[in-house]
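All remarks here apply to the structure that follows.
This structure is a prediction, so every number in the text was calculated from the model and none was measured. Quick note on labels: first sequence line is chain A, next is B, and so on, each numbered from 1.
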Amino acid sequence: MKNDSNETKKPLNFIERIIEEDLASGRISQSVTRFPPEPNGYLHIGHAKSICLNFGLAETYGGQCNLRFDDTNPAKEEMEYVESIKKDVQWLGFDWQGDIRFTSDYFDQLYTWALGLIEQGKAYVCDLNQEEMRAYRGTLTEAGKDSPYKERSVEENLALFEKMRAGEFDEGACALRVKIDMAHPNMQMRDPVIYRIKKVAHHQTGDKWCIYPSYDYAHGQSDAIEGITHSICTLEFEEHRALYDWFIANLPVPSTPRQYEFSRLNVNYTITSKRKLKQLVDEGHVDGWDDPRMPTISGMRRRGFTPKSIREFCDMAGVTRTDGIVDVSMLEFAIREDLNTNATRAMCVLEPLKVTLTNYPEDKTEQLVGPKHPNRIELGARSLPFSREIFIDQDDFRESANKKYKRLVIGKRVRLRNAYIIEADEAIKNEQGEIIEVKAHFIENTVGKNPEDGIKAKGVIHWVDAKQHIDCEVRLYDRLFTEASPDVGGKDFLSCLNPDNLRVLTGCKGEMSLAEAGQDDHYQFEREGYFILDAKEKHVSIRVFNRTIGLRDTWKK
RNA sequence: UGGGCCGUCGCCAAGCGGUAAGGCACCAGGUUUUGAUCCUGGGAUGCGUAGGUUCGAAUCCUACCGGCCCAGCCA
């Protein structure tokens, strides 16, 4: 139809194209993907891309996406992370069909298959220690050489592997390896270890095992067991694909999944290294994994990002195999776009300056109104008490200024948002010469209309009634780092921490409607930015608001 | 100096032999009781470089150049 040709469809990414081809050719009847986090830390913005990709594919192709915890290393993994990961995935708006899976669910099957490999003479127990094994592996440019234990008999290997399983060896004493090719140009194929001894309790299997399968030995087989059709991972696993395929080809697995790699998400002025993120937490540079400055999903949630904005951002960034660094401005655009259309408007004076309207009756208070959203009046209005004394922001007043300054200046007029036009008369200063109050007068009959004398106001500023308001604390966050790539090379990322990444403002004055702010209510403090109640400080009597992101500011003076 | 992968506007990213989509950022206008939003317009004679094939190449071939990944009993 004409409509179709006019509509600009979003082009498919390479994985979507592959799936459509597989669906069309009949290779698969339904797509099955999985998001396979290791429960050893908190999810961050980079994981969000993988989540959106894998679960998104299930949504668009009517397929399935499993949530599987890749828990093959009990020394690093904890149940606490399992819970936080589940919460984050759901918060992002995705759900997994059926139960949560664990690679550990397949430990018995994996073990049985390993026995089969030994019986076929394709695996052996190797007694080389780590240093020796490294030496035998060769280098990037030199072939490795066979382990002296490679030719043990099937019976001996079986017996040794059983002893490993039974806990008769110490950690590191030996490991089960698969026989491939010590001279293979792909290092991953030089007889990789598939089982190692770890005398550590596992959060799912307890102390049932003291030997654990390696990632390479477990991942593809787990995919096969679950009927995963497209096993999507990041680029650094590319050379593991040959190994992945080797296991699928050499084991009696129930299906033949295929691995595809895409480039991970990098954002400038941000780090996503778990190690470095942990360092920020441990050394107290931030308050915790969910500190609003952190690029973790929990941190972004607390900061006020919405699931929709994060999904939109991931969608904008695209899925390719090109290494790149996305500009944070794209993330900032995504959250502003969502909040601009959905956040309730309110006024909040961050750094108060009292203004007394000398011609306004001392005992009078009138209830003015402002729309909750200027472009969506159907959302209703909020009541704005107005009286003789109000607060405006210190930045919105100057004794004198050039024409570019569109705020309150002595002898000049300015519009109070949703209220009267006022004109400043005098600045009252303290002994230090600081302005502590402004005397002004209001122009009658200017609510919702221009002055009858035809002299319009040149700007609009926000304000809050001096008697009826709520006191609150506002936290302004800025980027954590001053360098676009704090994460590169051997650079000390801590040396580029932004000293101004947090500004705490106390004594802020918010309009009365803010007293009703709930945990999931996003606000736009007009002329300031988007804010949300801090989830961790909700018990405090003084409300604490986090700035999610400022408004776009094109005012250059 | 082994192997694998990648190079299209400042940043993402379409394109798959027929004469460079789109988004972010930026710049210039317009509207506006948020210096916001919104609207309009602007920008690669060029697709890492150099050759070649072709009527025609970002798309095919060749050679270079640059970047990333791999030598954990981590994932």
Side-chain angles (χ1 to χ4, degrees), chain A residues 8 10-13 36-38 40 70-73 75-77 126 128-130 133-135 137-144 171-177 183-190 192-198 211-212 214-216 218-219 233-242 261 263 268 274 313 315-334 336-337 340-341 345 347 370 374-375 404-407 415-419 421 446-450 456-457 459-462 484 524-529 550-557:
Chain A
T8 46
K10 190 164 198 236
L12 300 179
N13 64 48
E38 179 186 14
N40 71 340
D70 212 343
D71 55 350
T72 57
N73 187 353
K76 293 186 174 180
E77 299 149 6
C126 179
L128 254 25
N129 63 35
Q130 287 199 54
M133 202 179 284
R134 190 186 316 128
R137 187 151 34 225
T139 69
L140 295 176
T141 54
E142 301 165 63
E171 287 190 15
C174 53
L176 185 67
R177 296 224 261 167
H184 200 110
N186 179 344
M187 298 293 287
Q188 307 303 323
M189 302 297 269
R190 324 248 261 222
V193 167
I194 64 171
Y195 263 98
R196 70 293 209 197
I197 299 167
K198 277 186 186 294
I211 57 172
Y212 292 93
S214 65
Y215 163 84
D216 288 302
H219 205 95
C233 60
T234 43
L235 250 28
E236 66 269 26
F237 290 99
E238 201 169 346
E239 34 280 295
H240 292 248
R241 191 174 62 237
E261 312 85 24
S263 51
N268 60 13
K274 271 183 193 170
F313 168 63
D315 200 47
M316 282 194 275
V319 177
T320 66
R321 292 174 62 85
T322 314
D323 283 311
I325 301 172
V326 175
D327 201 304
V328 260
S329 66
M330 210 185 268
L331 211 209
E332 294 175 345
F333 171 83
R336 286 195 183 108
E337 181 181 50
N340 175 53
T341 77
R345 308 291 130 124
M347 292 191 285
N375 305 325
K404 289 230 174 184
Y405 187 77
K406 304 200 298 181
R407 309 176 189 182
R415 160 133 254 147
L416 292 179
R417 178 77 166 156
N418 297 127
I421 282 175
T446 51
V447 175
K449 57 185 75 166
N450 282 320
K456 298 178 183 177
V460 181
I461 64 174
H462 55 100
Q524 181 198 96
F525 289 175
E526 293 187 280
R527 302 208 313 132
E528 293 289 356
L551 252 29
R552 182 161 168 268
D553 185 4
T554 53
W555 185 49
K556 316 142 186 98
K557 37 183 176 175

Please determine if a side-chain N or O atom of A:Arg134 lies less than 4.0 Å away from the OP1 or OP2 oxygen of B:G72. yes
Nearest-Å distance once atom C1' is located in both B:A14 and B:G23: 11 Å
Between A:Arg552 and B:G35, is there a contact of a side-chain N or O with OP1 or OP2 at under 4.0 Å? no
Give the rounded distance in Å between these two atoms: CG of A:Asn375 and C1' of B:A36. 10 Å
Quick one: side chain to side chain donor-acceptor pair (under 3.5 Å) partners of A:Gln188, sequence neighbours excluded? none
A:Phe313: what forms a ring pair (Phe, Tyr, Trp, His ring centres under 6.0 Å) with it, not counting sequence neighbours? none
Base, sugar-phosphate or nothing for A:Arg407? Non-hydrogen atoms, less than 4.0 Å. base
Give a yes/no on whether any side-chain N or O of A:Arg196 is located under 4.0 angstrom from OP1 or OP2 of B:G72. no
Are A:Ser329 and A:Asp327 close enough that a side-chain donor and a side-chain acceptor fall under 3.5 Å? yes
Side-chain contact test, heavy atoms from C-beta onward, threshold under 4.5 Å: evaluate it for A:Arg134 versus A:Arg137 and give yes or no. yes
Would you measure the distance from the P atom in B:C26 across to the matching atom in B:C11 and give it in whole Å? 15 Å
Please tell me if A:Arg241 has a side-chain N or O lying less than 4.0 Å from either OP1 or OP2 of B:C70. no
A:Glu238 near the nucleic acid: base, sugar-phosphate alone, or nothing, with a heavy-atom cut-off under 4.0 Å? sugar-phosphate
Which part of the nucleic acid, if any, lies within reach of A:Pro374 when heavy atoms closer than 4.0 Å are counted: base, sugar-phosphate only, or nothing? base
Just to be sure I understand the rule, does A:Gly459 reach a base, reach only the sugar-phosphate, or reach nothing, if contact means heavy atoms closer than 4.0 Å? nothing
Would you indicate what A:Tyr215 reaches in the nucleic acid, counting non-hydrogen atoms under 4.0 angstrom: base, sugar-phosphate, or nothing? base
Rounded distance in Å - CG (A:Leu551) to P (B:A36): 8 Å
Using heavy atoms to find the nearest nucleotide of RNA chain B for A:Glu236 and A:Glu38 separately, return the residue whose nucleotide is more 5′. A:Glu236
Hey, does A:Phe237 reach any base, or is it just sugar-phosphate, or nothing, if we go heavy atoms under 4.0 Å? base
note: A:Met187, atom CE; B:G3, atom P; distance rounded to Å ~ 14 Å
When we call it a touch if two heavy atoms are under 4.0 Å apart, what does A:Asn186 touch: a base, just sugar-phosphate, or nothing? nothing
Classify A:Lys449 by what it touches in the nucleic acid, base, sugar-phosphate, or nothing, heavy-atom distance under 4.0 Å. base
Single hit among A:Ile461, A:Leu551, A:Val460, A:Asn418 for side chain to side chain contact (heavy atoms under 4.5 Å, CB included) with A:Glu526: A:Asn418
Base, sugar-phosphate or nothing for A:Met133? Non-hydrogen atoms, less than 4.0 Å. base
Quick check on B:G2: is either OP1 or OP2 less than 4.0 Å from any side-chain nitrogen or oxygen of A:Arg137? no
Roughly, in whole Å, what's the span from CD in A:Glu332 to C1' in B:A36? 15 Å
Length of the CZ-C1' vector between A:Arg336 and B:U34, whole Å: 14 Å
By the 4.0 Å heavy-atom rule, please label A:Val328 as base, sugar-phosphate, or nothing. nothing
Report yes if at least one side-chain N or O of A:Lys198 is closer than 4.0 Å to OP1 or OP2 of B:C74; otherwise report no. yes
Pick base, sugar-phosphate or nothing for A:Asn450, based on heavy-atom distances below 4.0 Å to the nucleic acid. nothing
Nearest-nucleotide pick for A:Asn340, side chain only, options being B:U34, B:U37, B:A75: B:U37
Dump every N/O contact between nucleotides 11-13 of chain B and the protein below 3.5 Å, one line per pair.
| from | atom 1 | to | atom 2 | distance (Å) |
| --- | --- | --- | --- | --- |
| B:C11 | O3' | A:Ile325 | O | 3.2 |
| B:C11 | O2' | A:Ile325 | O | 2.9 |
| B:C11 | O2' | A:Asp327 | N | 3.3 |
| B:C12 | OP1 | A:Ile325 | N | 3.1 |
| B:C12 | O2' | A:Ala317 | O | 2.7 |
| B:A13 | OP1 | A:Thr320 | OG1 | 2.5 |

Taking OP1 and OP2 of B:A75, is either one under 4.0 Å from a side-chain nitrogen or oxygen of A:Thr72? yes
NA contact type, A:Leu140, heavy-atom cut-off 4.0 Å: base, sugar-phosphate, or nothing? base
Need the pair for B:A36. Rule: Watson-Crick or G-U wobble, both distances under 3.5 Å, any strand; none if unpaired. none
On a whole-Å scale, what distance lies between the C1' atoms belonging to B:G17 and B:G10? 30 Å
Identified pairing partner of B:G66, criterion: Watson-Crick or G-U wobble below 3.5 Å: B:C6
Could you tell me whether the side chain of A:Arg321 reaches within less than 4.5 Å of the side chain of A:Glu238, counting heavy atoms only? yes
Under-4.0 Å salt bridge between A:Glu261 and A:Arg241: yes
For the side chain of A:Ser214, counting heavy atoms from C-beta on, which of B:A75, B:C74, B:U34 is nearest? B:A75
Base, sugar-phosphate alone, or nothing: which one does A:His240 contact when heavy atoms must sit under 4.0 Å apart? base
Would you call B:G72 syn or anti, using the 90° rule around 0? syn
For B:G48 and B:G7, measure between their P atoms and round to the nearest Å. 8 Å
Does A:Ser329 reach a base, just sugar-phosphate, or nothing at all? Heavy atoms under 4.0 Å. sugar-phosphate
B:C61 to B:U53 separation - P atoms, rounded to the nearest Å: 15 Å
